[in-house]
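Presented below is the structure to which this report refers.
Numbers here simply count residues along the sequence, with the first being 1. In listed order, ligands and their atoms are each counted from 1. Side chains included, hydrogens not; waters and symmetry mates left out as well; all remaining heavy atoms used.
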Amino acid sequence: ARLVVLVSGAGTNLQALLDACAEDSYGARVAAAGADRDGTGGLARAERAGVPTFVHRLDQFATRADWDAALAGTVAAFEPDLIVLAGFMKLVGRDFLAAHGGRVVNTHPALCPAFPGTDGPGDALAYGVKVTGATLFVVDDGVDTGPIVAQVPVPVLDEDDPATLHERIKVAERQMLVETVGRMAREGFTITDRKVRFG
Ligand code: GRF
């Protein structure tokens with residue numbers, strides 16, 4: 001299966017997927033990696049792996065809708081079977097979902113529906129939960145609201161700050177992402193009434 005992975009930051013989730021794809025038995029390859037900004041660690045990781053990369057910055061387009069349509073087209077050109085938003089800090093819009101909806105998954109560092117948005121770990125810590133985690137879901141037109149494919153629990157420790165908690169979440173998140181994306185790629189999946197089934 002062909003994956004296109006979109007990133008905005010360090011790209012350690014992308015790196016985990018690149019490492020997994022190096023094994024033929026995984027059944028997927030990263031056809032391209034894209035970002036919404038220049039100079040991300042994620043795109044450097046893709047380049048080191050010899051994976052084509054692209055950048056679409058909002059400020060390169062007259063409107064957000066133009067950015068969204070351009071991103072949809074660039075991604076489509078790589079003919080992805082599955083698109084993985086791995087730390088991509090932009091909301092994809094109507095054109096992107098019209099073109100790719102149902103084949104876009106996003107990993108979020110909290111147990112959806114809890115703590116959506118840009119700071120799941122910080123929000124979980126501020127709320128005082130004892131368990132948080134990571135969620136892989138199929139992207140819909142909401143913010144971190146799509147059908148859940150997999151989740152992994154992660155304990156919150158008394159001495160945690162947002163950074164230490166997020167790092168602990170990311171260890172579990174990367175493993176969940178690699179295992180789940182691999183199954184989706186090898187077995188396929190269907191969604192019925194928000195339930196995602198493999199096969
Ligand atoms: C991940 O925890 C992702 O869920 C969140 O930002 C982090 C990205 O980490 N949105 P990386 O860029 O994959 O290292």
Side-chain angles (χ1 to χ4, degrees), residues 3-22 26 28 30 32-49 51 53-58 71 75 80 82-93 96 104-127 129 131-140 142-157 160-182 184 196:
L3 309 178
V4 170
V5 183
L6 300 183
V7 301
S8 295
T12 65
N13 279 285
L14 168 60
Q15 187 64 57
L17 288 171
L18 289 167
D19 296 345
C21 288
Y26 187 65
V30 179
D36 61 333
R37 62 199 72 180
D38 297 303
T40 62
L43 289 196
R45 294 173 185 274
E47 286 159 12
R48 269 201 296 278
V51 169
T53 62
F54 59 87
V55 175
H56 282 356
R57 294 193 324 270
L58 265 183
L71 183 65
V75 167
L82 194 61
I83 298 156
V84 182
L85 309 185
F88 187 61
M89 300 310 274
K90 291 281 190 306
L91 295 179
V92 291
F96 193 94
V104 186
V105 292
N106 186 350
T107 180
H108 180 68
L111 294 178
C112 299
F115 313 124
T118 56
D119 188 14
D123 294 342
L125 203 61
Y127 190 95
V129 295
V131 176
T132 185
T135 302
L136 186 73
F137 61 90
V138 178
V139 174
D140 65 8
V143 179
D144 301 326
T145 54
I148 292 172
V149 190
Q151 292 189 300
V152 59
V154 174
V156 181
L157 305 182
D160 269 330
D161 63 33
T164 60
L165 176 56
H166 197 173
E167 279 315 306
R168 184 177 316 110
I169 291 170
K170 287 176 75 170
V171 173
E173 175 182 32
R174 289 191 285 264
Q175 181 176 350
M176 174 197 64
L177 182 71
V178 165
E179 287 169 4
T180 312
V181 165
M184 297 177 90
V196 181

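Below 4.0 Å from some heavy atom of P109 lie the following atoms of ligand 1, by number and element: 2 (O), 4 (O), 5 (C). Interface of A10 with ligand 1, defined as ligand atoms under 4.0 Å from a residue heavy atom, comprises 12 (O), 14 (O). The distance from ligand 1 to the heavy atoms of G9 drops below 4.0 Å at these ligand atoms: 12 (O).
Residue contacts with ligand 1 do not include V7, since none of its heavy atoms lies under 4.0 Å from the ligand.
Atom CG in N13 sits 14.5 Å away from atom CZ in F88 (nearest 0.5 Å).
For R168, the salt bridge (charged side-chain N to carboxylate O under 4.0 Å, His left out) test picks out D160, with sequence neighbours left out. When the ring-ring contact (aromatic ring centres under 6.0 Å, His included) test is applied to F96, the partners found at least two apart in sequence or on another chain are H100.
Scanning the protein for heavy atoms near atom 9 (O) of ligand 1, the closest one is K170 NZ, 3.1 Å. Given atom 7 (C) of ligand 1, the protein heavy atom at minimum distance is H166 NE2, 3.8 Å.
In the candidate list E173, H108, R45, E173 is nearest to atom 3 (C) of ligand 1, counting heavy atoms. Considering each of G87, G11, A86, the one bringing a non-hydrogen atom nearest atom 10 (N) of ligand 1 is G87.
Between D19 and Q15 there is a side-chain heavy-atom pair separated by less than 4.5 Å.
R45 approaches A10 most closely through the heavy-atom pair NE-O, 2.8 Å.
The shortest N or O to N or O distance between L14 and ligand 1 is not under 3.5 Å.
T164 places a side-chain N or O within 3.5 Å of a backbone atom of D161 that can act as its donor or acceptor partner.
The pair D38-R57 meets the salt-bridge criterion, with a side-chain N (NZ, NE, NH1 or NH2) lying under 4.0 Å from an Asp/Glu carboxylate O.
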